[in-house]
Amino acid sequence: MEYEPHAVERRWRERWAETGRYEADPGDEEATFITVPYPYPSGGMHIGHARTYTVPDVYARYRRLQGDNVLFPIAWHVTGTPIVGAVERLRKGESDQLETLQNAFGVSESELKNLETPMGYARYFIEEADSSYKTGMKGLGLSIDWRREFTTNDDRYSKFIEWQYRTLRDRDRLEKGLHPVKYCTNERQPVTTHDLLEGEEAEFQEYTLVRFGLTVDGESVTAPMATLRPETVRGVTNAYVHPDGEYVVADVDGEPWFVSEAATEKLRLQERDVEIRKRYSGDELVGSTVENPVTGDEVLILPATFVDTDNATGVVMSVPAHSPDDYVALRELKERADELTEYGLDPAAVRAIEPIPILSVDGYGEIPARDAVESAGIESSDDPRLKDATQELYNREFHQGELFEEYGEFAGAVIEDVREELREQFRERGAFDLMYEFSEEVVCRCGGDVEVAYQDTWFLTYNDDDWKAITKRAVEQLEAIPENTREQYTHTIDWLNEWPCIRNYGLGTRLPWDDEFVIEPLSDSTIYMSYYTIAHRLDEIPVEDLDHEFFDALFYGPEAVDDPDARALDLREEWLHWYPVDFRCSANDLISNHLTFFLYHHAELFEESQWPEGITIMGMGLLEGEKMSSSKGHVVLPGEAIDRYGADTVRFFLLNSAEPWQDYDWRADRVESTHNQLRRFWNRAQEVIEAAPAADADVELRPVDRWLLSKLQTTIRRTTEALEGFETRTASQTAFYGFEEQLRWYRRRADLEREGAAWTLRTVLEARLRMLAPFVPFMANELHEQLTGTPAETWPAPDAELESDRIEAREALIRELVDDVNDIVDVTGTDPELIRVIVAADWKRTVFQQVRETGPDVGAVMGQVMQRPSLRERGDEVNRLVQTLVEFVRERDDETLSALSDIDERDVYEDAAGFLADAFGASIDVVAEENTDDEKAGQAEPFRPAIVLE
RNA sequence: GCGAGGGUGGCCGAGCCUGGCCAAAGGCGGCGGACUUAAGAUCCGCUCCCGCAGGGGUUCGUGGGUUCAAAUCCCUCCCCUCGCACCA
């Protein structure tokens, strides 16, 4: 039978679907519940996604073969704005969006109209498109229980999320507060990253405002100067304004402030009450002085065109000792001090300004900024190297700089450790304030300017110490695969802060007590695994019955509510059956958000016994060595790959080319060769199946058969061990390629015409098919059925009876002999007619036994050996042999040595004589060293016969 | 800067935890052979250097160290990737 993957795969797919093979219901067997993040159908499925879902499938199939009741469900994540945004861009006819859909996912012109509603779009990529997730998953043969699918926009799911968020609020894990958001000043509403034309990478920066005192027109006002380095406040030597800039005095929260006009809008958006009173041009203020709120010093305001009035407050303080920028700016101003008289400045006063160092940092002198500028040879403020010098110095000062005495309790401390605290202290004293600003310019797709706005929002208090503590406990009892990810969870918990969990629009569940807001995607996907356990049965219950008490009864039991709903308690049984999640398989980049949130919410909402038991991390996929990119059309679709190679090839390649947590690279030439390997396997299997005697046939086995069976047991052990730890690569390599090597030797070595050989090969094939069934389920089940009449239903167990160190050691001797003869033939270029194998003399065996007994210590062994007169006579010869054998023994473990010492070498070689004769086309003569006077005979050592070619 | 991972033969990639059977699996590529009218596929062998007897030499980012013995353990440094932080 030819290998026709598509026909085979179609047959099995249909069969599994018809018989509901993977629909899992509670039963007596041990429950295993395995999940993977539900896909986000904002586009089609590509080959990069394929492995994500195949890894858990392999584990699920493995556990089933081990006898477990396994649940592997899937659902669809549609929450948030990506789908809505995609639909909008499609409606507007944006070309890059159209290209992605058409080029990467093969959407036809006629289908586009179906994608014009968010859920229509989602449905299309969930199950309608050729590139849809469901099509891909079914094609790959994933053993999913399809009855349980849902979307996160479903009414019932929303009821569940509402329950979750009400519960979190009741437990004080949800708080309301002001939070910075991106806000389009044109559309006058918050925007998301997807709405941006420029500045997608922009971050919110929290500027410290140093509240300098200024007198304008006889009035005392506050001149807030923005800085990211509040600790430099004592090093301020002057301030800068843009001489042509538009400035105002405005009442900000009832207090007069001097800021740029642009800043007033920013402050307003940040929930400040702002009323402009009077306008000024920057040059009107040049020459005035401002009072440092920390030192009380009066410093000059100087003019500078580099000041950006559209950034923060538009008033800048200057710290020339620690900022190369400021240092250069001051130097240049001093050089042209005489010109500054036009601003009414006294040139002498400008020239008198000197940098004031406030910290020391290794590698720089008294004035670090000066050193940085001078050592880089920077001449002017236009020098591009100034940026690097600034960056370098900031980093050094932040991580290593130690504050001077004036800083009191902070003196001697490193900036990194005290910046926050110092800022807070000065804030409390009224010297500092703060405002937000973006790290770069941000522009909305509508062309409007985007600013930071403060908005009332709800956030999850991931920074609560007790919540952090309990989540860390969840990490401790977690099986983290690979183990080195454990630290990353802990690390994430350490730095995680409050998380704003709602958005203004998008798909998903509305906040139950404020339906203006939608719960965002990373926040509505933290405990939904529990929803899988009941999803298919929830459909029978009217949505309006799914109230808070219903879920309380379901998840917290009958005692949790006054009048528990019987249907909820019934569902509770199923939840308890499957929960907790045994393994969640997810991408490594989700450790820092989704996976840690998943742990947080489980730790808070559920009993410890329901906490996740394991997380397996998965690496990224590359395509021909490069990142996949839907927008560039640099993707391979599972459907295409399956059409071309068959699903088994796709699966096997994905699982065999790297361990799940490693990155892998889809390369067509390798996939091709994987396909060839599978076909070769199929063809060989066909031969074995045709010749196969019954499993219980009474056959005579030769040592070489027993050798192969012994190797099989080792293979089973190693494969099992690997799969237990999700090492899909090791497992499939061992069961497939690793064993193929043994078979190659076996085919060469054994007489395959014997029934014993046929039986051995069928036994081996059967076990391998069962081990390969998780990886290549179509092929393995098909062949298994051809061989035995049933699909592969159980995992093979190693049979200790069939393992034999002695048999393996015997075979190893033959292999070594073949290698040695080959070596000699190669080097000498001869073609021998006779190969004489001379087995070491008995006295040499005696020495070997002595070494084994005494241990690998030349002196000690010699001491023992020399007590025997027969050996003492041989003096030097014995000494040399002991040296060799000590090495030999040292390099081998006890089992091998023990096996070797039981072996009769002559018997081994004589037994293999027929094979050797065939292999070398020569006659074989096995003799004992004692019985020959060949000059090479003396070279014979135990387990290393002398070889003579004639 | 912090955290994680990594640097192996022409290439990809195992090995490293648990030191010795490691000149280092497997694949790709290359070379030779078998089969074929031929190509492809398949199968067999070779593929660091030297060697007409199973041997020797030099290799696993750098430089040290531990050990009878190091790709493997320890330390130093260099480089790469990712995440985080930092970034008038």
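Just so you know, these numbers use all the heavy atoms, side chains as well, and skip hydrogens, waters and symmetry mates. Sequence lines set the chain letters: A, B, ... in the order given, protein chains first and strands last, and positions in each chain run from 1.
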Minimum-distance nucleotide (side-chain atoms of [X] versus [options]):
{"X": "E487(A)", "options": "G54(B), G3(B), G26(B)", "result": "G3(B)"}
{"X": "S673(A)", "options": "A14(B), G54(B), G27(B)", "result": "G27(B)"}
{"X": "I947(A)", "options": "G27(B), G54(B), A4(B)", "result": "G54(B)"}
{"X": "R748(A)", "options": "C2(B), G45(B), C28(B)", "result": "G45(B)"}
{"X": "R729(A)", "options": "A14(B), A41(B), C21(B)", "result": "A14(B)"}
{"X": "H491(A)", "options": "C43(B), A4(B), C2(B)", "result": "C2(B)"}
{"X": "D820(A)", "options": "C2(B), G54(B), A53(B)", "result": "G54(B)"}
{"X": "R892(A)", "options": "U42(B), A25(B), C21(B)", "result": "C21(B)"}
{"X": "Y207(A)", "options": "C44(B), A88(B), A25(B)", "result": "A88(B)"}

Under 4.0 angstrom, heavy atoms only, what part of the nucleic acid is [X] near: base, sugar-phosphate, or nothing?
{"X": "E740(A)", "value": "nothing"}
{"X": "R680(A)", "value": "sugar-phosphate"}
{"X": "P945(A)", "value": "base"}
{"X": "A946(A)", "value": "base"}
{"X": "D819(A)", "value": "nothing"}
{"X": "R419(A)", "value": "sugar-phosphate"}
{"X": "L949(A)", "value": "base"}
{"X": "E887(A)", "value": "nothing"}
{"X": "R744(A)", "value": "sugar-phosphate"}
{"X": "V948(A)", "value": "base"}
{"X": "F653(A)", "value": "nothing"}

For nucleotides [N] and [M], find the distance between their [atom1] atoms and express it as a whole number of Å.
{"N": "G15(B)", "M": "U72(B)", "atom1": "P", "result": "15 Å"}
{"N": "G9(B)", "M": "C49(B)", "atom1": "C1'", "result": "13 Å"}
{"N": "C21(B)", "M": "A70(B)", "atom1": "P", "result": "11 Å"}
{"N": "C28(B)", "M": "G13(B)", "atom1": "P", "result": "15 Å"}
{"N": "C16(B)", "M": "C74(B)", "atom1": "P", "result": "14 Å"}
{"N": "A34(B)", "M": "G27(B)", "atom1": "C1'", "result": "23 Å"}
{"N": "G61(B)", "M": "G57(B)", "atom1": "C1'", "result": "23 Å"}
{"N": "U18(B)", "M": "G3(B)", "atom1": "P", "result": "22 Å"}

With ring centroids as reference points, do Y746(A) and W707(A) lie under 6.0 angstrom apart?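 Ring centroids of Y746(A) and W707(A) are no less than 6.0 Å from each other.
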
Note: for Q733(A) and R229(A) on RNA chain B, the residue whose nearest nucleotide lies more 5' is Q733(A)

Residue pair S592(A)/E659(A) against RNA chain B: nearer the 5' end by closest nucleotide is E659(A)

Strictly by Watson-Crick or wobble contacts shorter than 3.5 Å, is anything paired with [N], and which nucleotide is it?
{"N": "U81(B)", "answer": "A4(B)"}
{"N": "U67(B)", "answer": "none"}
{"N": "A41(B)", "answer": "none"}
{"N": "A25(B)", "answer": "none"}

Minimal heavy-atom distance between A937(A) and K844(A), with the atoms involved, is O-NZ, 4.4 Å

Atom-pair distance ([atom1] on [X]; [atom2] on [N]), nearest Å:
{"X": "I415(A)", "N": "C87(B)", "atom1": "CD1", "atom2": "C1'", "result": "15 Å"}
{"X": "K936(A)", "N": "G55(B)", "atom1": "NZ", "atom2": "P", "result": "14 Å"}
{"X": "I617(A)", "N": "C82(B)", "atom1": "CD1", "atom2": "P", "result": "18 Å"}
{"X": "N676(A)", "N": "C28(B)", "atom1": "CG", "atom2": "P", "result": "9 Å"}
{"X": "Y737(A)", "N": "A14(B)", "atom1": "OH", "atom2": "P", "result": "14 Å"}
{"X": "Q677(A)", "N": "C28(B)", "atom1": "CD", "atom2": "C1'", "result": "11 Å"}
{"X": "E672(A)", "N": "G29(B)", "atom1": "CD", "atom2": "C1'", "result": "16 Å"}
{"X": "F739(A)", "N": "G26(B)", "atom1": "CZ", "atom2": "P", "result": "16 Å"}

Q: Compare side-chain N and O positions of N311(A) against OP1 and OP2 of A88(B) and report whether any pair is under 4.0 Å apart.
A: no

Query raised in the report: Think R890(A) has a side-chain N or O under 4.0 angstrom from the OP1 or OP2 of U67(B)?
Result: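 No, R890(A) has no side-chain N/O under 4.0 Å of OP1/OP2 on U67(B).
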
**OP:** Tell me whether the guanidinium CZ or amine NZ of R892(A) lies under 6.0 angstrom from the six-membered ring centre of F888(A) and within 45° of its axis.
**Re:** yes

- Tell me, with the steps shown, if E811(A) and W745(A) meet side-chain hydrogen bond (donor to acceptor under 3.5 Å, both in side chains). CA-CA 10 Å; E811(A) 204 57 29; W745(A) 172 256; 3.0 Å; yes

Legend entry - L434(A) vs T208(A), side chain to side chain contact (heavy atoms under 4.5 Å, CB included): CA-CA, chis, key distance, verdict: CA-CA 5 Å; L434(A) 61 83; T208(A) 298; 5.6 Å; no

message: Can you tell me how the ring of F598(A) sits relative to the ring of H594(A), calling it parallel under 30°, perpendicular over 60° and tilted otherwise?
response: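 Geometry flag for H594(A) against F598(A): parallel rings.
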
Once you measure the plane-to-plane angle for Y737(A) and F652(A), does it fall in the parallel (<30°), tilted (30-60°) or perpendicular (>60°) bin?
tilted

Open item on the list: Between R944(A) and E905(A), does any NZ, NE, NH1 or NH2 come within less than 4.0 Å of an OD or OE carboxylate oxygen?
Closed with: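 Salt bridge absent between E905(A) and R944(A).
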
- Task: Evaluate side chain to side chain contact (heavy atoms under 4.5 Å, CB included) for Y489(A) paired with I591(A), printing each intermediate quantity in order.
- Result: CA-CA 6 Å; Y489(A) 296 109; I591(A) 292 178; 3.7 Å; yes

